[in-house]
Amino acid sequence: MDDEGGTAMTDGVRADVESQPLCFRFTKTVKARSDRTPKELLRRPSDFAEWLATVGLSTGVRPPEVDEQLLREAWELRESIYRAARSLADGHPLTEADRDHINAWAARDDAYRVLDGTGAAWRFPGPSPARSALAVLAGDAVDTLGGTRSGTIKVCAGTGCVAVFLDTTRGRSRRWCSMGTCGNRAKKDAMRVRHETAPPSGA
């Protein structure tokens with residue numbers, strides 16, 4: 001992966017993305033959601049396994065094993081989280097189906113964190129670490145959507161971007177899911193418009 005869902009990012013963009021809840025970073029594995037054909041970043045089981053390793057939801061040096069069935073379940077949970085976040089951002093209640101789907105996955109959480117030589121690390125004692133990691137994502141969604149975390153859930157105002165994000169700024173004035181991508185693009189667009197509409201020199 002070569003964008004905010006993966007590892008090929010500048011330090012500024014990475015820090016901006018990593019300040020967001022894991023569940024919202026998960027929803028950003030679909031790009032250009034408002035387009036007729038959104039861009040799916042988790043096309044293969046190995047993509048999801050790599051993403052879990054990238055965000056720290058794995059143990060050891062190898063990504064967890066993911067099969068086609070779990071990939072489909074990951075897509076379904078991701079979309080439930082996205083729809084639920086959009087509902088809250090738009091001032092609407094969650095649908096019962098999305099709420100129950102997220103809760104069911106969160107109830108499967110058997111993972112825990114431990115201190116190791118480098119800090120905190122996940123441990124997945126169940127038979128499928130990837131499935132346990134998916135339950136962790138659901139639990140993170142419960143905390144984020146349920147208001148446990150301080151912040152306001154918003155939809156990105158970037159052109160063509162409808163990603164969800166948690167605005168934790170003091171005045172809740174953040175408009176973009178990422179200052180390094182959508183925010184930077186908006187600033188460049190504004191500069192171009194000012195340049196195009198400015199009167200000729202000497203006029």
Side-chain angles (χ1 to χ4, degrees), residues 1-42 51-52 54-57 77-95 98-99 101-103 106 113 119-120 136-199:
M1 284 177 278
D2 57 0
D3 49 27
E4 292 172 31
T7 58
M9 299 180 288
T10 65
D11 289 342
V13 174
R14 182 180 293 109
D16 189 33
V17 172
E18 290 184 352
S19 69
Q20 287 295 300
L22 274 173
C23 62
F24 285 176
R25 293 166 64 186
F26 185 34
T27 65
K28 292 193 75 175
T29 56
V30 172
K31 298 295 182 184
R33 284 181 175 273
S34 59
D35 288 358
R36 181 175 298 179
T37 55
K39 181 182 179 183
E40 172 63 68
L41 301 184
L42 307 181
W51 185 85
L52 290 174
T54 297
V55 299
L57 287 176
L77 176 62
R78 180 189 62 192
E79 296 314 297
S80 284
I81 295 171
Y82 179 77
R83 287 191 299 268
R86 280 298 303 262
S87 293
L88 293 177
D90 294 338
H92 303 307
L94 310 187
T95 67
D98 286 332
R99 185 189 64 209
H101 191 196
I102 294 168
N103 286 340
R113 292 174 76 95
V136 169
L137 289 167
D140 188 67
V142 169
D143 289 341
T144 303
L145 302 173
T148 300
R149 291 191 173 91
S150 176
T152 300
I153 298 172
K154 293 184 176 181
V155 178
C156 183
T159 302
C161 182
V162 289
V164 290
F165 68 96
L166 189 66
D167 180 4
T168 59
T169 60
R170 180 173 299 179
R172 301 295 189 262
S173 58
R174 180 168 171 170
R175 299 179 56 206
W176 303 291
C177 62
S178 170
M179 296 303 297
T181 52
C182 290
N184 189 47
R185 189 178 303 120
K187 291 178 180 179
K188 289 181 178 179
D189 289 344
M191 289 179 60
R192 185 182 69 253
V193 170
R194 285 196 298 270
H195 178 73
E196 292 174 349
T197 59

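Hydrogens, waters and symmetry mates play no part in the numbers below; they use all other heavy atoms, side chains included.
Taken to the nearest 0.5 Å, the NZ atom of K31 stands 7.0 Å off from the SG atom of C161. To the nearest 0.5 Å, atom OG1 of residue T29 and atom CD of residue E40 are 6.0 Å apart. The NZ atom of K154 sits 6.5 Å away from the OG atom of S173 when rounded to the nearest 0.5 Å. Rounded to the nearest 0.5 Å, atoms CG (L145) and CD1 (I153) are 5.0 Å apart.
For T144 (side chain) and A141 (main-chain N/O), no donor-acceptor pair under 3.5 Å exists by modelled atom type. In this structure a side-chain-to-backbone donor-acceptor pair under 3.5 Å is missing from R174 to L166. Looking at S34, its side chain does come within 3.5 Å of a backbone N or O of G160 through a donor-acceptor pair. With hydrogens and angles ignored, the 3.5 Å screen pairs no side-chain donor or acceptor of D143 with any backbone N or O of T148. K28 contributes no side-chain N or O that, together with a main-chain N or O of F165, makes up a donor-acceptor pair within less than 3.5 Å.
Here the closest heavy-atom approach between residue P38 and residue R33 is recorded as CG-O, 3.8 Å. Nearest heavy atoms, A138 versus L77: CB-CD2, 4.1 Å. Nearest heavy atom pair, residue L94 against residue S87, reads CD2-CB, 4.3 Å. Contact detail for C182 and G158: the closest heavy-atom pair is CB-CA, 4.3 Å. A pairwise comparison of heavy atoms in L42 and F26 identifies CD1-CE1, 4.0 Å as the closest pair. Heavy atoms only, all atoms of each residue included: I81 and L137 are closest at CD1-O, 4.3 Å.
Residues R86 and Y82 bring a donor and an acceptor atom of their side chains to less than 3.5 Å of each other. For the residue pair D167 and T169, a side-chain donor N or O sits within less than 3.5 Å of a side-chain acceptor on the partner. Side-chain polar atoms of T95 and R83 form no donor-acceptor pair below 3.5 angstrom.
In this structure, the side chains of L22 and L57 come closer than 4.5 Å at one or more pairs of heavy atoms. Under the 4.5 Å side-chain criterion, counting only non-hydrogen atoms from C-beta, R149 is in contact with D140.
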